[in-house]
Amino acid sequence: MGKEQLPELFLEQIESLLGQQTSSFLESYQQPRTYGLRFNELKAALSPSQKQEIIDLFELEPIPWCSEGYYYKEDARPGKHPYHTAGLYYIQEPSAMSAVELLDPKPGERILDLAAAPGGKSSHIASKLQGQGVLISNEIHPERAKILAENVERMGITNAVVTCAAPDELASRFPATFDRIMLDAPCSGEGMFRKDPRAITEWSPGLVDLCVTRQFDILEQAYVMLKPGGTIAYSTCTFNVKENEDMMRRFTENFPDMEIIQMKRLWPHLERGEGHFVAVLHKNEEQTEEDNSRSRKIRGRKDKRGTNYKAEQTALQELESWIQQELPGYTLPSGNPLLFGESLYLLPGGELLHQDLLKGLKIPRAGLHAAQMKKNRIEPAHALAMTLQSGQASRQLNLMLDDPRLNAYLHGELLNVDVSLHGWTLVSVNGLPLGWGKASSGQLKNHLPKGLRLF
Ligand SMILES: C[S@@+](CC[C@H](N)C(=O)[O-])C[C@H]1O[C@@H](n2cnc3c(N)ncnc32)[C@H](O)[C@@H]1O
């Protein structure tokens with residue numbers, strides 16, 4: 001891409017920011033864009049030798065700032081591989097992987113990802129939580145929230161709730177609640193120019209100003225939801241100072257108990273990545289009177305048992321006995337059972353996420369979707385399959401990469417299997433679960449969700 005394709009005002013802005021480095025920055029537009037994937041640490045089935053096999057298969061090279069992140073070349077196409085369907089990795093722009101590394105979530109913590117779709121940062125956070133603690137993964141736009149929920153399922157995440165809410169709707173429910181908040185803010189996307197030339201046509205100084213207003217509004221809500229002593233990572237994929245350093249200065253001026261711990265920029269002419277800004281901020285340990293009174297109000301609410309309480313407990317018991325038989329090596333993750341029609345979910349978060357608090361919120365995924373509770377039978381949910389490890393199901397059809405049935409399964413076809421196989425069967429590739437099939441009389445009915453099938 002040539003300099004002449006870039007907006008004049010953007011070039012002026014870069015020049016005043018980078019001075020002598022401007023020409024080297026502009027030269028980076030002549031280089032091909034970078035591609036990255038990040039291994040999913042929730043897939044414990046991945047032995048070091050398997051991982052090495054994948055590194056060799058896609059000719060991966062390590063990304064210096066993310067231990068599980070690797071560069072791949074465009075023609076390797078790992079996003080089209082069955083391992084992608086198995087949730088073995090998440091395709092993510094390399095410099096974007098820096099944000100969660102700096103947020104540094106720890107198992108057991110309460111984390112909020114406030115602008116989460118399609119799920120790059122959320123899946124990175126979940127990888128680090130290792131199933132312990134709770135992640136609220138929020139996206140304001142319903143269509144994007146749906147994609148986020150699908151990615152959360154594909155990655156086999158058990159302890160995430162996907163909400164679809166405006167930040168202030170969440171803030172009124174969760175004051176001073178989270179240990180860490182990821183705010184990957186909607187921004188003017190200057191770091192997207194090489195990756196997606198449409199970003200160039202959408203860019204204008206007016207857009208930058210609009211983003212600034214929106215970012216500050218969201219940050220105010222993030223502040224309300226952060227516990228005293230908590231941490232926010234604020235990130236953008238844009239280069240201008242207004243949305244980055246200036247925003248952080250304004251934020252800390254308005255909220256003096258917030259302190260900037262670190263600000264980091266990744267530049268495409270200095271690192272192999274499209275560019276990112278990340279700031280890490282810490283909230284003073286002392287609880288403000290406002291925090292106190294908001295939390296008192298919330299704590300004061302009665303955790304009424306939902307009207308479905310009895311049915312939900314019964315459904316959970318039925319599921320547990322189904323699991324004892326069908327998934328003998330599996331322990332169901334802890335969570336409160338919730339029924340939406342026939343769909344049984346396990347809501348993580350203990351007392352944090354009681355039903356009263358969630359009332360009125362749009363929740364595309366109320367934790368782990370475990371099963372469909374039919375009248376006289378149980379159908380395990382696809383999401384449940386994605387949380388299993390090899391060997392945990394009584395029946396498993398493990399397909400190797402060169403088995404033609406693998407492609408057939410991913411296309412939603414019926415498979416021929418041994419006549420002795422009967423009942424719900426976990427279909428996997430090299431030991432990594434892909435989904436369910438139901439075997440009877442030498443055939444396996446395909447239960448891979450229609451939206452995930454290849455065409
Ligand atoms: C940079 S993207 C997030 C990318 C995501 N964190 C990831 O790693 O995959 C910013 C997100 O903010 C959402 N958004 C837009 N306006 C918003 C608002 N007013 N409040 C919260 N989120 C908003 C967008 O829909 C978009 O999904």
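Counting convention: from 1, in listed order, for ligands and their atoms alike.
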Practice prompt. Applying side-chain contact (heavy atoms from CB on, under 4.5 Å), name anything that partners Gln31, two or more places apart in sequence or on another chain.
Written response: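 Counting only residues at least two positions away or on another chain, Gln31 forms a side-chain contact (heavy atoms from CB on, under 4.5 Å) with Arg194.
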Worksheet item: Using the benzene-type ring in the case of Trp, are the ring centres of Tyr345 and Phe340 under 6.0 Å apart?
Response: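 Ring centroids of Tyr345 and Phe340 are less than 6.0 Å from each other.
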Fill in: Ring centers of His84, Tyr90 separated by less than 6.0 Å
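No, the ring of His84 stays outside the 6.0 Å limit from the ring of Tyr90, centre to centre.
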So which heavy atom in the protein is nearest [atom], and how far is it from that ligand atom?
{"atom": "atom 18 (C) of ligand 1", "answer": "Ile218 CD1, 3.5 Å"}
{"atom": "atom 16 (N) of ligand 1", "answer": "Pro186 CG, 3.7 Å"}
{"atom": "atom 23 (C) of ligand 1", "answer": "Ile140 CG2, 3.4 Å"}
{"atom": "atom 9 (O) of ligand 1", "answer": "Gly120 N, 2.9 Å"}
{"atom": "atom 5 (C) of ligand 1", "answer": "Ala117 O, 3.2 Å"}

Does [X], backbone or side chain, put an N or O under 3.5 Å from an N or O of ligand 1?
{"X": "Lys121", "answer": "yes"}
{"X": "Gly119", "answer": "yes"}
{"X": "Ala115", "answer": "yes"}
{"X": "Leu114", "answer": "no"}
{"X": "Arg144", "answer": "yes"}
{"X": "Glu139", "answer": "yes"}

For [X], which part has a heavy atom under 4.0 Å from ligand 1: side chain, backbone, both, or neither?
{"X": "Arg214", "result": "side chain"}
{"X": "Ala166", "result": "neither"}
{"X": "Asp184", "result": "both"}

Worksheet entry | Test side-chain hydrogen bond (donor to acceptor under 3.5 Å, both in side chains) applied to Arg265 and His276, Glu245, Glu271, the passing residue |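 Among His276, Glu245, Glu271, the one that satisfies the side-chain hydrogen bond (donor to acceptor under 3.5 Å, both in side chains) with Arg265 is Glu245.
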Discussion item. Would you say that more than 12 heavy atoms from the other residues, nucleotides or ligands in this model lie under 6.0 Å from the CD of Gln20, or not?
Written reply: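 Check fails, neighbour count at 12 or below.
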Fill in: Interfacing atoms of ligand 1 (cut-off 4.0 Å, heavy-atom, Pro167)
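Atoms satisfying the 4.0 Å criterion: 20 (N), 21 (C).
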Worksheet item: Can a cation-pi geometry be assigned to Lys73 and Tyr35, taking NZ or CZ under 6.0 Å from the six-membered ring centre and within 45° of the ring axis?
Response: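 No, Lys73 does not lie over the aromatic ring of Tyr35.
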Item to complete: Establish, yes or no, whether the cationic atom of Arg38 lies under 6.0 Å from the six-membered ring centre of Tyr89 and within 45° of the ring axis.
Response: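 The answer is no, since Arg38 fails at least one limit relative to Tyr89.
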Worksheet entry | Between Ser122 and Asp113, a side-chain donor and acceptor under 3.5 Å |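 Per modelled atom types, Ser122 and Asp113 side chains form a pair under 3.5 Å.
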Discussion item. Going by salt bridge (charged side-chain N to carboxylate O under 4.0 Å, His left out), name the pairs with one or both residues in residues 152-165, residues two or more places apart or in two chains.
Written reply: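 As it turns out, the salt bridge (charged side-chain N to carboxylate O under 4.0 Å, His left out) pairs with a partner in residues 152-165, which skip direct neighbours, are Glu153-Arg365.
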Discussion item. Please report the interatomic distance CZ(Phe216) to OH(Tyr223), rounded to the nearest 0.5 Å.
Written reply: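 Reported value, rounded in 0.5 Å steps: 11.5 Å.
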